[in-house]
Amino acid sequence: MNTPYTDLKSGWTETTESFFSDLFLRARISTGQESNKGYYSQLEGVKENDMRFEDDVNTYIVHALSSMLDPGYLKLFEHYSVKKESDAGKVADKMKSRSDKYLLYRTNADFLLLNLGLFTPLDLSFSAYLDKGKFYYAATAGYRQEIDSGRSSLAQTFEKLSIGFGKYVGLLRFMKHTEPNFFDIFSRLGVREMGDLEQIVTLEA
């Protein structure tokens, strides 16, 4: 999804993905977490080096942010998400399809990332959920490898999200609380849509 977004103050129109990309990259710069630190493009086949390349992670997180405005993606959340306090692994054990298990872990990993980064109050500790977020993305990477019959680029992205889960949650929190116009993007949604979004993407999803 890449729908137009209009800043209500400046009147400037851009896509939702470019809007979120700008916010996320500015948060990286402000916190000294610039993308690709220590990555050397001339090195190939070295996993430690590959893990330092984060442009793919930026793209994935920006897409996840934009997907919050996509009704189709919200229905996917509604179908596969479990409560934050619950264990997605117990649900996955009852599934036979690798694709269903992949979507289950991916959906709940994304849910934790966005929920802890954007909707959980700053005074509420999210440390208890860091290991769960890391595990969900690690499981997502594993099932993605099985589906792709190898360590694909998407599987590597999920590996990076697992390893750096806490950092990415922190970047989203910083972005939310340093950008006063952050939630202007939701002003285009009606009362019903906001209610649906709150029900799916908050603690009571």
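We use all heavy atoms of the structure for the numbers below, so side chains are in, but hydrogens, waters and symmetry mates are not.
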Check: Does atom CD of Glu44 have more than 12 heavy-atom neighbours, drawn from other residues, nucleotides or ligands, at distances under 6.0 Å?
Finding: no
Check: Would one find more than 12 heavy atoms of other residues, nucleotides or ligands at under 6.0 Å from atom OH of Tyr40?
Finding: no
Return the [atom1] to [atom2] distance between [X] and [Y], rounded to the nearest 0.5 Å.
{"X": "Leu76", "Y": "Thr107", "atom1": "CG", "atom2": "OG1", "answer": "4.0 Å"}
{"X": "Leu43", "Y": "Glu48", "atom1": "CG", "atom2": "CD", "answer": "11.0 Å"}
{"X": "Ser21", "Y": "Arg26", "atom1": "OG", "atom2": "CZ", "answer": "10.5 Å"}
{"X": "His63", "Y": "Phe20", "atom1": "NE2", "atom2": "CZ", "answer": "12.0 Å"}
{"X": "Met95", "Y": "Tyr102", "atom1": "CE", "atom2": "OH", "answer": "14.0 Å"}
{"X": "Tyr168", "Y": "Leu113", "atom1": "OH", "atom2": "CG", "answer": "10.0 Å"}

Would [X] and [Y] show up in the same hydrophobic cluster when neighbours are defined by side-chain heavy atoms closer than 4.5 Å?
{"X": "Tyr129", "Y": "Ile163", "answer": "no"}
{"X": "Met68", "Y": "Tyr73", "answer": "yes"}
{"X": "Val169", "Y": "Phe135", "answer": "yes"}
{"X": "Leu154", "Y": "Ile61", "answer": "yes"}
{"X": "Phe24", "Y": "Phe53", "answer": "no"}

Check: With under 30° as parallel and over 60° as perpendicular, where do the rings of Phe158 and Tyr137 fit, or are they tilted in between?
Finding: parallel
Margin query: Before you tell me yes or no, could you show the steps for Asp100 and Leu104 under side chain to side chain contact (heavy atoms under 4.5 Å, CB included), namely the whole-Å CA-CA distance, both residues' side-chain angles and the distance that decides it to 0.1 Å?
Written below: CA-CA 6 Å; Asp100 279 335; Leu104 175 75; over 6 Å; no
Check: Which residue pairs pass the salt bridge (Lys or Arg N to Asp or Glu O under 4.0 Å) test when at least one of the two sits in residues 54-65, sequence neighbours left out?
Finding: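 Salt bridge (Lys or Arg N to Asp or Glu O under 4.0 Å) check on residues 54-65 returns Arg28-Glu54, Glu54-Lys167, Asp56-Lys160.
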Notebook entry, point to check: Looking only at side chains, do Tyr60 and Asp110 share a donor and an acceptor under 3.5 Å apart?
Noted result: yes
Check: [Y] and [X] side chains under 4.5 Å, non-hydrogen atoms:
{"X": "Met175", "Y": "Leu65", "answer": "yes"}
{"X": "Arg144", "Y": "Glu159", "answer": "no"}
{"X": "Arg151", "Y": "Lys47", "answer": "yes"}
{"X": "Leu171", "Y": "Phe174", "answer": "no"}

Please find the pair of heavy atoms, one from [X] and one from [Y], that lie closest to each other, and give the distance.
{"X": "Ser81", "Y": "Phe77", "value": "OG-O, 2.6 Å"}
{"X": "Ser162", "Y": "Lys134", "value": "OG-O, 2.7 Å"}
{"X": "Ile147", "Y": "Arg98", "value": "CD1-O, 4.3 Å"}
{"X": "Lys176", "Y": "Gly117", "value": "CD-O, 4.2 Å"}
{"X": "Leu118", "Y": "Leu172", "value": "CD2-O, 3.9 Å"}

Expected output: side-chain [X] to main-chain [Y] donor-acceptor under 3.5 Å:
{"X": "Lys37", "Y": "Gly32", "result": "yes"}
{"X": "Ser66", "Y": "Val62", "result": "yes"}
{"X": "Thr140", "Y": "Arg106", "result": "yes"}
{"X": "Asn108", "Y": "Val82", "result": "yes"}
{"X": "Asn58", "Y": "Leu25", "result": "no"}
{"X": "Arg173", "Y": "Leu116", "result": "yes"}
{"X": "Ser67", "Y": "Asp70", "result": "no"}

Checklist line | Centroid-centroid distance, Tyr80 to Phe111, less than 6.0 Å | finding: no
Next item on the list: Kindly write out the residues that satisfy side-chain contact (heavy atoms from CB on, under 4.5 Å) with Lys132, not counting sequence neighbours, or none if the list is empty.
Entry: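 Here the qualifying residues are Leu112, Tyr136.
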